[in-house]
Amino acid sequence: MGNRIKVIFSQSEKELFGCLAAVLCGEEAKEPPQPFSDRCWEEMLRLAQAHAVLPLLYPLVEQGYPLPESFRLCLEQESRRTVQQSYHLMFLTHYVVNGLGEAGISSVVLKGTSAAEAYPVPELRKSGDVDVLLMEPEQIEKAEGVLQEMGFDRKPGENGNHHRVWRTDEGIDLELHVMLAEPFDSERMNSFLRDQMCPLRRRTQVVHVMGLDFPVLEKGDHAFQLLLHMLQHFLRAGFGLKLLCDWVVLWNGEVSQREREGYLMWIRQTGLSGFSDMITSLCTEYLGLDRGRAEEILTGTFQGSSEVFMREILDAEEFGLHEKSRMVVLRGNGFMDYAREFHHQMRLGYPGASRILLLWPVLWAMAFVKFCRNNRKIRGISFLEVIQRTRERSRYTKELHLFKNLEKDK
């Protein structure tokens, strides 16, 4: 793959990689090898903001790194806002998990505070909402009753097959999850994830973050959930550098051999070894993941070019929302890949009715009409534009061998 396409990174992109790698490892960033123009600094600032990693660069200020005044002021202002938001979300998260626990509902924190715990300065890891996983999904109705008593309101139109969204009167979302991830286009994968909820709840632990205790998944399980989160966004509009930073600090931190072996078992059983290898290779090459730590979780499944996928991640920015035609990426570019994804989207859109086989032709037609109408009226793009962009983004996904050990699907 690397022989078929040449990927070039700009000076600003390379400098951002270097600065992030340094601060994630707790080291001093090296000064640019050549003078940076104002335009390069502006582009680096735009990139860091677009990927929600600007606050992570705050140690550069303390190190006396030669930043332009305008860059430094933006960095300081954004960092202050992020620290304030982090503490606010931390106390809100603690309030929620404690309230659920007092009601006899077991839960763990996903992403957010759980991911921030591994950073040198947890408060600088930017987040905008709260994610909680119920360890016993059948308690969802009881949990929602508790949230209502705690002053949350149900957010309309934002509830999927794997989570329900509640909101504070300040407009902060709380996602109440009943699965590790949104359903994929592999029913065997979805069934496997559902079956793992029972053994998963026997492996939770408590971590001390910014002065408070939080229930979280063990490191190996947390790594797998983060991988699923990245894959979920990768198969939609994409994801940016912030999730890669989460990956770096997680594996550069303390992970026991048992937890690491548990993670390797996860990715072997689900056919995600290729995707895991790709993410790990990116983080090692560009963002400071220790090569020795990386070798312990690399399986040799991914043999493609990491440059192509880093370009995809850079272009996606935080969650790929800046480009209207970025909607999905497929496991390949054949007819069956398109058919599988279309059927998957139909089932996501009509979860109840899609259980009735005889309704599928009608639901396919309804899903297609809805898809075309939304593209034209809401996004202002055509069906063909979406297909073309999907084809471009799906060119290299076969290199990842997604769900290989779970096929063939029903």
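All heavy atoms count here, side chains included; hydrogens, waters and symmetry mates do not.
- Scanning for side chain to side chain contact (heavy atoms under 4.5 Å, CB included) contacts around D153 gives an empty result, with sequence neighbours left out.
- D277 contributes a side-chain N or O that, together with a main-chain N or O of G300, makes up a donor-acceptor pair within less than 3.5 Å.
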Show, in sequence, the C-alpha distance, side-chain angles and deciding distance for E182 and L235, and conclude whether the side-chain contact (heavy atoms from CB on, under 4.5 Å) test is met. CA-CA 11 Å; E182 176 184 331; L235 293 174; over 6 Å; no
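- For the atom pair SG (C40) and CG (L47), the distance works out to 10.5 Å, reported to the nearest 0.5 Å.
- A donor-acceptor pair under 3.5 Å is absent between the side-chain atoms of K126 and the main chain of S79, judged by distance alone.
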Decide yes or no on salt bridge (Lys or Arg N to Asp or Glu O under 4.0 Å) for R258 and E218, but give the supporting numbers first. CA-CA 10 Å; R258 179 182 61 81; E218 280 194 351; 3.0 Å; yes
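- Side-chain atoms of Q63 come within 3.5 Å of backbone atoms of A29 as a donor-acceptor pair (strictly under, hydrogens ignored).
- Take E28 and apply the salt bridge (Lys or Arg N to Asp or Glu O under 4.0 Å) test, not counting sequence neighbours, and it matches no residue.
- Residues meeting the ring pair (Phe, Tyr, Trp, His ring centres under 6.0 Å) test with F9, sequence neighbours left out: F17, Y286.
- Residue A223 comes nearest to Y263 through the heavy atom pair CB-CD1, 3.8 Å, listed as atom of the first residue, atom of the second, then distance.
- A distance of 9.5 Å separates CD in Q85 from CG in L92, rounded to the nearest 0.5 Å.
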Assess the residue pair S86 and F91 against the criterion (side-chain contact (heavy atoms from CB on, under 4.5 Å)); give the C-alpha distance rounded to whole Å, side-chain angles, the decisive distance to 0.1 Å, and a yes or no. CA-CA 9 Å; S86 293; F91 283 106; over 6 Å; no
Go through it in stages, so that I can follow the logic: the residues are E15 and K30, the test is salt bridge (Lys or Arg N to Asp or Glu O under 4.0 Å), and I'd like the CA-CA distance, side-chain angles, deciding distance and then a yes or no. CA-CA 9 Å; E15 186 62 20; K30 297 179 181 179; over 6 Å; no
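- Every side chain to side chain contact (heavy atoms under 4.5 Å, CB included) that R46 has, sequence neighbours left out, goes to E43, A50, E317.
- Here R201 pairs with M135, E136, C198 under the side chain to side chain contact (heavy atoms under 4.5 Å, CB included) rule; sequence neighbours left out.
- By the 4.5 Å heavy-atom criterion applied to side chains, E175 and V132 are not counted as neighbours.
- Relative orientation of the F234 and F275 rings is tilted, given thresholds of 30° and 60° on the angle between their planes.
- Y65 pairs by the ring pair (Phe, Tyr, Trp, His ring centres under 6.0 Å) definition with nothing, not counting sequence neighbours.
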Which side-chain N or O atoms in residues 111-121 pair as donor and acceptor under 3.5 Å with protein atoms at least two apart or in another chain?
residue, atom, partner, partner atom, Å
K111, NZ, D131, OD2, 3.3
Y119, OH, D246, N, 3.1
Y119, OH, D246, OD1, 2.6

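- In this structure, the side chains of T299 and I267 come closer than 4.5 Å at one or more pairs of heavy atoms.
- Aromatic ring centres of F71 and F36 lie farther apart than the 6.0 Å criterion allows.
- Of the charged side-chain nitrogens involved, none lies within less than 4.0 Å of a carboxylate oxygen, so that R203 and E259 do not count as a salt-bridged pair.
- A donor-acceptor pair shorter than 3.5 Å cannot be found between the side chains of S12 and S10.
- Remark: the Q257 side chain and the E261 side chain contain an N/O donor-acceptor pair separated by less than 3.5 Å.
- The minimum heavy-atom distance between G288 and C25, with the atom names listed, is O-SG, 3.2 Å.
- The side-chain heavy atoms of V206 and F214, taken from C-beta on, include no pair separated by under 4.5 Å.
- The CE atom of M278 sits 11.0 Å away from the OG atom of S305 when rounded to the nearest 0.5 Å.
- Of all heavy-atom pairs between Y87 and E123, the closest is OH-OE2, 2.6 Å.
- Side-chain contact between L147 and V96 is present, with heavy atoms from C-beta onward closer than 4.5 Å.
- Using a 3.5 Å distance cut-off with no hydrogens or angles, the side chains of T82 and Y58 do not pair a donor with an acceptor.
- By the ring pair (Phe, Tyr, Trp, His ring centres under 6.0 Å) test, H177 is found to be paired with H162, H163, residues two or more places apart in sequence or in another chain being considered.
- A salt bridge links E141 with R164; the closest basic N to acidic carboxylate O contact falls under 4.0 Å.
- Between E307 atom CD and S281 atom OG the span is 12.0 Å, to the nearest 0.5 Å.
- The CZ atom of R125 sits 9.5 Å away from atom SG of C245, with the distance rounded to the nearest 0.5 Å.
- When atom types are taken as modelled, the side chain of H51 and the backbone of K242 share no donor-acceptor pair closer than 3.5 angstrom.
- Among residues two or more places apart in sequence or in another chain, the ring pair (Phe, Tyr, Trp, His ring centres under 6.0 Å) test is passed with F224 by W266.
- A 6.0 Å sphere centred on CD of E62 holds more than 12 heavy atoms belonging to other residues, nucleotides or ligands.
- Nearest heavy atom pair, residue I297 against residue L264, reads O-CD2, 3.6 Å.
- Looking at L45 and C74, their side chains come closer than 4.5 Å, going by heavy atoms from C-beta outward.
- With sequence neighbours left out, the salt bridge (Lys or Arg N to Asp or Glu O under 4.0 Å) criterion links E69 to R72.
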For the pair L231 and L272, evaluate side-chain contact (heavy atoms from CB on, under 4.5 Å) and give the outcome as yes or no after the intermediate values. CA-CA 9 Å; L231 178 61; L272 296 185; 3.6 Å; yes
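- Counting heavy atoms from C-beta on, the side chains of L244 and I313 come closer than 4.5 Å.
- Listed by chain and number, the residues in a side chain to side chain contact (heavy atoms under 4.5 Å, CB included) with R194 are M179, E187, N190, S191 (sequence neighbours excluded).
- Note that CG of L16 is 13.5 Å distant from NZ of K14, once rounded to the nearest 0.5 Å.
- Between L75 and P55, the closest heavy-atom pair is CD1-CA, 4.4 Å.
- Identified under the salt bridge (charged side-chain N to carboxylate O under 4.0 Å, His left out) test for residues 292-303, with sequence neighbours left out: R260-E296.
- No side-chain heavy atom of V165 sits less than 4.5 Å from a side-chain heavy atom of L176.
- Between M197 and P137, the closest side-chain pair of non-hydrogen atoms falls below 4.5 Å.
- Contact detail for G128 and I172: the closest heavy-atom pair is O-CG2, 4.1 Å.
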Go through the steps to decide whether N252 and L24 satisfy the test side-chain contact (heavy atoms from CB on, under 4.5 Å), and finish with yes or no. CA-CA 9 Å; N252 274 352; L24 293 175; 5.9 Å; no
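- Annotation: Q148, atom CD; neighbour count of heavy atoms from other residues, nucleotides and ligands within 6.0 Å does not exceed 12.
- Checking side-chain atoms of E144 against main-chain N and O of R154 turns up no donor-acceptor pair under 3.5 Å.
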